[in-house]
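Just below is one structure, and these are the notes that go with it.
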Amino acid sequence: MKCKICNGVAQIELRNHNIALCKNDFFNFFERRVSQTITRYKLFDKKDRILIAVSGGKDSLSLLYVLNKLGFNCSGLYIHLGIGEYSEMSLKKCEAFVSKYNLELNVFYVTRFFGCGIYEIAKKMKRNSCSICGIIKRYVMNRFGLEAGFNVLATGHNLDDESAQLFGSLISFDLVRLEKEKILLPGKEKALKKVKPFSLITEREIAAYCIMNGIDYIYEECPYSKGATSLVYKSALNLVEERSPGTKLRFLKGFLEKGHIFKKNEQSLEDESKYCSNCRYLTYRDMCNFCIIADRLSRKDEVRVNFLNYIEKL
Ligand code: Q46
Ligand code: ZN
């Protein structure tokens with residue numbers, strides 16, 4: 001197989017783009033597409049301070065790598081969830097990465113703040129681990145980002161994640177979720193602007209970019225991810241993609257261009273329109289979900305007074 005650009009030996013075939021590329025031309029192709037996505041959807045520019053949520057996995061580490069390489073002002077935030085060996089290993093990958101590339105990493109330890117990890121918190125709250133984890137991660141990313149002076153929060157969600165999420169929302173015609181299926185959610189008072197620069201890049205392309213660049217990431221998935229419905233949607237879309245390469249890209253791009261046909265509905269307008277009585281961040285009830293957890297674990301005052309003291313800078 002030959003590289004379509006230089007005729008050298010191709011290292012990767014991208015059926016969804018109908019090309020094969022050598023290593024150097026793949027890097028150029030990958031980085032150009034990230035740049036084009038940032039420009040086309042007006043995600044951010046060189047003046048912005050970007051906080052990147054990192055997990056130690058390929059998506060988030062390569063996002064930090066490529067945005068730094070493209071000259072953007074960015075730092076990482078790792079949230080240590082207290083999930084045994086998995087959390088320890090992923091933190092080590094993040095630490096090794098930032099020290100290799102001389103980047104900044106901020107770390108929030110769930111166990112230091114709440115006195116126990118995600119699984120124990122979920123048990124006390126009688127909820128499942130992923131819903132508690134989602135509440136804590138969203139809150140910490142947003143609040144730390146705002147209070148530390150960032151104006152954009154970027155996550156490494158890729159085309160496989162985003163198309164599976166869209167598929168799930170369409171199957172149940174969940175209009176509230178469909179409204180949030182965006183590559184950019186604008187910021188407002190007490191809410192950081194949120195962007196997903198890898199939305200149009202596949203998991204396979206990101207893994208190849210990581211490996212070819214020698215970025216060492218954690219291969220293991222979080223133990224609580226097993227059995228997630230999103231994995232079923234991913235497999236279904238993989239089957240279609242196999243038969244018709246480029247389907248995921250067409251599906252998501254089509255939605256990004258025409259998704260406005262799903263009109264705003266009353267429920268979403270109500271969404272997060274009040275301020276939490278404890279921390280003054282946005283909520284749709286009297287107290288935000290994060291403070292409800294903190295209240296149950298007797299950490300309510302810490303949320304108000306000492307939140308930033310739980311972030312360690314490496
Ligand atoms: S939500 Fe659930 Fe993930 Fe949190 S507990 Fe693990 S699988 S890490 S994206
Ligand atoms: Zn609150």
Side-chain angles (χ1 to χ4, degrees), residues 52-61 63 77-91 93-94 107-111 113-114 116-125 127-144 146-147 153 155-158 160-162 164-165 168 189-192 194 196 198 203 217-234 272-308 310:
I52 301 180
V54 292
S55 65
K58 61 183 180 326
D59 304 309
S60 54
L61 291 187
L63 182 60
L77 170 65
Y78 175 78
I79 301 178
H80 188 295
L81 301 167
I83 306 180
E85 186 63 9
Y86 169 74
S87 290
E88 291 307 320
M89 292 258 299
S90 39
L91 174 59
K93 297 287 181 191
C94 292
V107 185
F108 177 88
Y109 291 87
V110 168
T111 37
F113 192 87
F114 289 105
C116 55
I118 291 294
Y119 176 75
E120 292 82 5
I121 299 172
K123 238 170 122 184
K124 286 183 186 160
M125 300 299 295
R127 301 268 298 267
N128 75 57
S129 296
C130 289
S131 74
I132 293 294
C133 179
I135 291 168
I136 292 176
K137 284 196 295 197
R138 280 193 296 276
Y139 186 89
V140 173
M141 293 186 292
N142 184 58
R143 181 160 172 191
F144 170 69
L146 283 170
E147 293 185 10
L153 172 67
T155 54
H157 293 92
N158 59 47
D160 298 64
D161 301 324
E162 292 303 288
Q165 172 95 5
E189 208 205 338
K190 296 275 184 182
L192 206 50
K194 297 180 184 69
K196 300 171 189 168
F198 279 172
E203 198 173 327
Y217 62 90
I218 183 163
Y219 289 86
E220 286 79 13
E221 298 285 346
C222 169
Y224 302 119
S225 66
K226 289 191 187 83
T229 322
S230 59
L231 297 179
V232 180
Y233 297 143
K234 273 190 182 177
E272 299 195 328
S273 53
K274 297 186 198 167
Y275 294 99
C276 169
S277 58
N278 187 50
C279 70
R280 313 306 302 164
Y281 273 78
L282 292 169
T283 179
Y284 51 87
R285 49 175 88 162
D286 178 48
M287 206 191 278
C288 76
N289 283 325
F290 187 85
C291 288
I292 291 173
I293 298 171
D295 190 23
R296 182 78 61 86
L297 295 160
S298 310
R299 309 293 290 159
K300 217 170 107 186
D301 293 343
E302 285 302 279
V303 182
R304 260 196 337 271
V305 188
N306 275 327
F307 180 79
L308 280 187
Y310 288 88

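Atoms within each ligand, like the ligands themselves, are counted from 1 in listed order.
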Check: What's within reach of atom 2 (Fe) of ligand 1, meaning protein N/O/S atoms under 2.8 Å?
Finding: Cys130 SG
Next item on the list: Can you spot which of Phe144, Tyr139, Tyr310 makes a ring pair (Phe, Tyr, Trp, His ring centres under 6.0 Å) with Phe113?
Entry: Tyr310
Next item on the list: Indicate whether any N or O donor in one side chain lies under 3.5 Å from an N or O acceptor in the other, for Tyr78 and Ser60.
Entry: no
Next item on the list: For atom CD of Glu221, decide whether the heavy atoms of other residues, nucleotides or ligands shown that lie under 6.0 angstrom number more than 12.
Entry: no
Notebook entry, point to check: Quick one: is the NZ or CZ of Lys93 closer than 6.0 Å to the six-membered ring centre of Tyr217, and within 45° of its axis?
Noted result: no
Checklist line | Ion pair check, Glu203 and Lys58, cut-off under 4.0 Å | finding: yes
Margin query: Within a 6.0 Å radius of atom OH on Tyr86, are there more than 12 heavy atoms belonging to other residues, nucleotides or ligands?
Written below: yes
Notebook entry, point to check: Among protein heavy atoms, which lies nearest atom 3 (Fe) of ligand 1, and at what distance?
Noted result: Lys137 NZ, 4.1 Å
